[in-house]
Amino acid sequence: MVGPSSFEAIGTPWRIGHGGAETPVGSLGAALAPDDLTAVLERIEQFDRDWSRFRDDSLVSRIAREAGSWRLPADARPMLALYEQLHALTDARLTPLVGASLERLGYDAAYRLTPSGAPLPAPSWADTIALRHTVEGITLDTVAPVVLDVGAAGKGYLVDLVGDLLAARGVGDSVVDASGDVRVRGERSIRVALENPADPTKAVGVVELHNAALCASAINRRAWGNGLHHIIDAVTGLPVDQGVIATWVVADTALVADGLATALFFAEPVRLAEAFSFEWVRLTSDGRLDASPGLRGELFA
Amino acid sequence: MSQMLTAPSRARAARRAAPVVASAAVIATLSGCAAAVDTTVEAEPELQPTTEPEIVVDPSYRDGSFRADGAYQSPAGDESIIVVMQLENDIVTDVEIGLYPTSATSSTYQDLFAGGIAEKVIGTDIDDLDVTVVAGSSLTSIGFRAAVETIKAEALDD
């Protein structure tokens with residue numbers, strides 16, 4: 001059987017397959033039709049052109065160069081709404097305004113990976129940006145240049161957007177896997193291995209997924225030595241160090257799953273559960289593996 | 001360069017043995033290496049694994065220390081990890097992964113993994129599971145597998 005479509009985009013390997021309940025569990029399904037794949041690649045490119053802080057021509061790069069009123073793309077609303085919620089639930093430790101903190105630590109467009117000064121706390125949301133919702137869409141007002149970073153939820157959101165696009169084109173049974181952020185739609189169920197962050201040949205558990213999304217976050221990914229990694233506490237400007245090594249979240253959408261997987265580095269699951277319905281797995285630096293009681297799957301440790 | 005092989009991780013890795021295949025067990029020790037690395041081969045006779053080899057694979061590889069870069073892409077663009085493997089009698093006796101660029105030799109992050117997360121949470125071989133997708137640090141493992149392929153080609157005894 002022919003495998004799924006696979007390609008690299010936004011710096012990540014993607015695999016997309018479609019197929020119904022009869023699809024074997026070990027398969028993502030069949031490849032997309034060429035015109036569906038082209039549409040997917042164009043959608044990803046559009047998202048990157050808007051939201052990547054690693055390319056000069058993006059909207060985010062323009063927002064980082066000068067203050068002003070910025071008309072945001074239509075897809076901004078759900079993502080920024082999630083960020084507003086997570087910002088509140090983590091006491092401002094998770095925020096899209098963390099871009100300059102990441103750049104200070106060396107995670108910048110030039111990819112220097114060397115800190116250029118003391119850690120830089122993120123600017124306050126209320127003092128820096130305001131979102132205006134109008135009939136034409138959503139506008140971002142900034143009082144100063146601000147480096148937005150949607151790394152906490154952007155990739156998961158893009159997984160949703162790609163699946164939405166496919167559904168609108170008549171492909172309702174799909175699995176979209178953007179390297180750790182995955183969403184399955186339609187009749188079938190899939191099994192997702194939870195990779196041990198210290199050993200990529202091992203799984204610490206397996207989760208069953210049906211009409212839902214699972215997103216993973218681990219601090220070994222995109223680490224650049226000397227205690228530096230990409231999950232930054234916006235209050236201190238430093239990489240978070242609370243003993244959480246890796247998180248996995250199952251939720252209805254990959255946007256929510258991705259954002260919560262990052263938020264679990266800053267907040268206890270019980271607090272996040274005040275606002276969201278989700279299942280979770282968390283690995284801490286003492287080797288302990290915790291999970292929510294409702295998780296559909298099994299843990300091996 | 002010698003900072004690549006830190007004492008604790010070498011000692012711990014020497015207790016393990018793994019076949020020379022892409023699924024070799026990884027000890028993700030983050031250690032430093034300031035300069036660009038080429039794929040050189042140098043004998044390291046002082047390395048003494050403390051376990052007997054468990055599995056011997058069909059191809060024959062030269063003993064020694066092998067280094068290779070594993071390229072992968074992140075949202076920031078091309079990235080690379082450094083993989084150093086010790087081969088002895090076709091067995092991987094030590095694996096280290098380093099990241100560009102390097103900084104201090106000791107850090108809380110480095111300690112975290114050198115401290116034995118891999119040993120505390122061992123898990124089940126992903127190859128043995130019937131799963132559709134793997135969710136985790138897939139970016140780095142792509143780089144790791146690429147580096148292992150380079151090392152296998154380099155170390156092949158022909």
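The structure presented is a predicted model; accordingly, all values stated were derived computationally and were not measured. Note on naming: letters A, B, ... go to the chains in the order of the sequence lines (proteins, then strands), and numbering restarts at 1 for each one. In what follows, every heavy atom counts, from backbone to side chain, and hydrogens, waters and symmetry copies are set aside.
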- Have a look at A/Trp280 and tell me which of A/Val250, A/Asp290, A/Thr247 forms a side-chain contact (heavy atoms from CB on, under 4.5 Å) with it. A/Asp290
- Is the shortest distance from a Lys or Arg side-chain nitrogen in A/Arg183 or A/Asp160 to a carboxylate oxygen in the other one below 4.0 Å? yes
- Message: With a 4.0 Å cut-off on N to O distance, would you call A/Glu45 and A/Arg55 a salt bridge?
- Response: yes
Contacting region of [X] [heavy-atom separation from chain B under 4.5 Å]:
| X | answer |
| --- | --- |
| A/Val206 | side chain |
| A/Val182 | side chain |
| A/Leu28 | both |

- Message: Main chain of A/His210, side chain of A/Arg188: is a donor-acceptor contact present, judged purely on distance under 3.5 Å?
- Response: no
